[in-house]
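Below you'll find the structure, written out as structure tokens, and then a few comments.
Quick caveat, the model's predicted, so the values are computed rather than measured.
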Amino acid sequence: MTTLDETAPAAETAVPVAPTADRPLRRELGVANLLSHGFLLFWGAVTVLPLVWMFISAFKSNGEILSDPWGLPETLRFDNFVRAWTGANIGRYFLNSLIVVAGSVSLTMLMGATAAYVFARYEFRGRQFVYYLFVGGLMFPVFLALVPLFFVVRNAGLFGTWTGLILVYAAYSLPFTVFFLTAFFRTLPTSVAEAALVDGCGHFRLFFQVMLPMARPGLISVAIFNFLSHWNQFLLPQVLMQGDEDKWVLAQGLFALSVSQGYAGDYARLFAGLTIAVLPVLAVYVIFQRQVQSGLTAGQLK
């Protein structure tokens with residue numbers, strides 16, 4: 001009689017595998033993408049439509065603005081811009097803003113890049129403490145220090161001057177500039193700096209001729225952010241630039257224009273002045289958008 005071998009391996013049986021539930025996951029991802037894209041479209045419409053309406057209204061007459069605010073102008077009235085540039089002194093305020101912003105951005109970038117490079121590349125006692133003092137300035141909003149800032153600027157003899165406004169702009173932009181550029185300088189290769197020092201390059205030349213050109217994407221990004229912040233600043237000029245109207249910046253001129261033209265009913269000149277003020281910001285966004293993106297992602301890619 002033959003017997004079954006108990007030690008023989010049992011026949012393999014196929015175990016059914018539960019199908020992966022990828023369809024519900026795909027459906028959830030599709031709903032999430034739809035909601036995110038819908039929110040972005042809604043946010044874009046909320047941001048762009050007021051600008052488009054302002055730009056169209058700048059070419060209308062006052063009668064067209066009041067009777068048909070959402071319609072297109074019958075003819076393009078470029079004289080609105082001429083009246084805003086000359087009659088409302090927008091041209092003078094525009095040039096004043098260019099002077100102030102150019103000085104403040106240049107000073108901010110020079111001081112911020114120098115401090116950030118030292119924090120990122122050199123070891124010394126108290127480095128972290130001083131760095132956190134700079135970064136701690138990000139926690140304090142502008143309006144929190146308006147009263148002491150007013151007395152400091154006035155006692156320094158800089159009240160109502162472009163120099164005082166430039167220094168204040170630079171001081172409030174330094175925390176973000178140092179914070180951003182410190183992280184960016186740390187991503188740069190150390191071997192290049194060491195090779196330059198071995199070849200006899202001093203620390204001064206190393207910073208200006210080697211490290212700054214390598215940090216160009218980050219510098220451009222921070223400079224653009226500072227330009228937009230200084231150009232759109234409203235509260236500081238209102239507090240520190242009182243008095244002589246010839247020294248007013250664009251934000252002050254637009255505020256005075258909105259008050260005067262609102263009572264006078266000359267809305268066409270008001271919209272033309274607003275358009276003139278917005279055009280530099282839009283131009284910077286359009287021209288330098290790739291540089292901003294490359295500067296923001298360069299630290300992650302490296």
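- Separation of atoms CG (L240) and CD (Q252) is listed at 9.0 Å; rounding is to 0.5 Å.
- Using the six-membered ring where Trp is involved, W53 and W70 have ring planes that are tilted, between 30° and 60° apart.
- By the neighbour-count criterion of 12 heavy atoms within 6.0 Å, atom CD of E74 is sparsely surrounded, having that number or fewer from other residues, nucleotides or ligands.
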query = What do the steps show when you test V281 against W231 for side-chain contact (heavy atoms from CB on, under 4.5 Å), and what is the final call?
reply = CA-CA 8 Å; V281 178; W231 186 269; 3.5 Å; yes
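- Under the 6.0 Å cut-off for aromatic ring centres, F59 and F78 qualify, their centroids lying closer than that.
- In F207, the CZ atom is crowded: over 12 heavy atoms of neighbouring residues, nucleotides or ligands sit closer than 6.0 Å.
- Residues D246 and N96 approach most closely at O-ND2, 2.8 Å, considering heavy atoms.
- With hydrogens and angles ignored, the 3.5 Å screen pairs no side-chain donor or acceptor of D68 with any backbone N or O of E64.
- With sequence neighbours left out, N232 forms a side chain to side chain donor-acceptor pair (under 3.5 Å) with no residue at all.
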request  = Could you please spell out the steps behind the side-chain contact (heavy atoms from CB on, under 4.5 Å) verdict for Q233 and Y169?
outcome  = CA-CA 9 Å; Q233 183 61 245; Y169 279 5; 3.5 Å; yes
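- Contact of the V147 side chain with the F151 side chain is registered, since non-hydrogen atoms from C-beta on lie closer than 4.5 Å.
- You'll find the side chain of H230 stays beyond 4.5 Å of the side chain of V100, heavy atoms only.
- Shortest non-hydrogen contact noted between N226 and M109 is ND2-SD, 3.7 Å.
- At a threshold of 4.5 Å between non-hydrogen side-chain atoms, the residues F81 and R269 do not count as touching.
- A donor-acceptor pair is defined here as one N or O able to donate and one able to accept, closer than 3.5 Å; such a pair exists between the side chain of T161 and the backbone of L158.
- With no hydrogens or angles considered, no side-chain donor-acceptor pair links R77 and N80 at under 3.5 Å.
- Among all heavy-atom pairs drawn from G273 and A84, the shortest one is N-CB, 3.9 Å.
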task = Could you walk me through whether V118 and Y131 pass the side-chain contact (heavy atoms from CB on, under 4.5 Å) test, one step at a time?
result = CA-CA 10 Å; V118 172; Y131 172 73; over 6 Å; no
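- Across all non-hydrogen atoms, the minimal contact from A277 to L250 is CB-CD2, 3.4 Å.
- Taken to the nearest 0.5 Å, the CH2 atom of W85 stands 5.5 Å off from the CZ atom of F94.
- In this structure, M241 and G160 approach most closely via the heavy-atom pair SD-C, 3.7 Å.
- Not one N or O on the side chain of R154 forms a donor-acceptor pair closer than 3.5 Å with the backbone of F159.
- Panel note: side chain R121, backbone R186; no donor-acceptor pair is recorded below 3.5 Å.
- Counting heavy atoms from C-beta outward, I166 and V101 have side chains that stay 4.5 Å or more apart.
- Side-chain atoms of T182 never come within 3.5 Å of backbone atoms of F179 as a donor-acceptor pair (strictly under, hydrogens ignored).
- Atom-to-atom distance recorded for L219:CG and I224:CD1 is 11.0 Å, nearest 0.5 angstrom.
- Separating the CZ atom in F143 from the CG atom in L146 is a distance of 8.5 Å, to the nearest 0.5 Å.
- In this structure, the side chains of F225 and F176 come closer than 4.5 Å at one or more pairs of heavy atoms.
- Panel note: side chain K60, backbone T75; no donor-acceptor pair is recorded below 3.5 Å.
- Closest heavy-atom contact between W162 and K247: NE1-O, 3.0 Å.
- Atoms OG1 and CZ, from T47 and F42 in turn, are 9.5 Å apart once rounded to the nearest 0.5 Å.
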task = I would like to know whether Y285 and L228 meet side-chain contact (heavy atoms from CB on, under 4.5 Å); could you show each step before the answer?
result = CA-CA 9 Å; Y285 271 123; L228 298 176; 3.5 Å; yes
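- A chain of hydrophobic side-chain contacts below 4.5 Å, direct or via other Ile, Leu, Val, Met, Phe, Trp or Tyr residues, connects F124 to F204.
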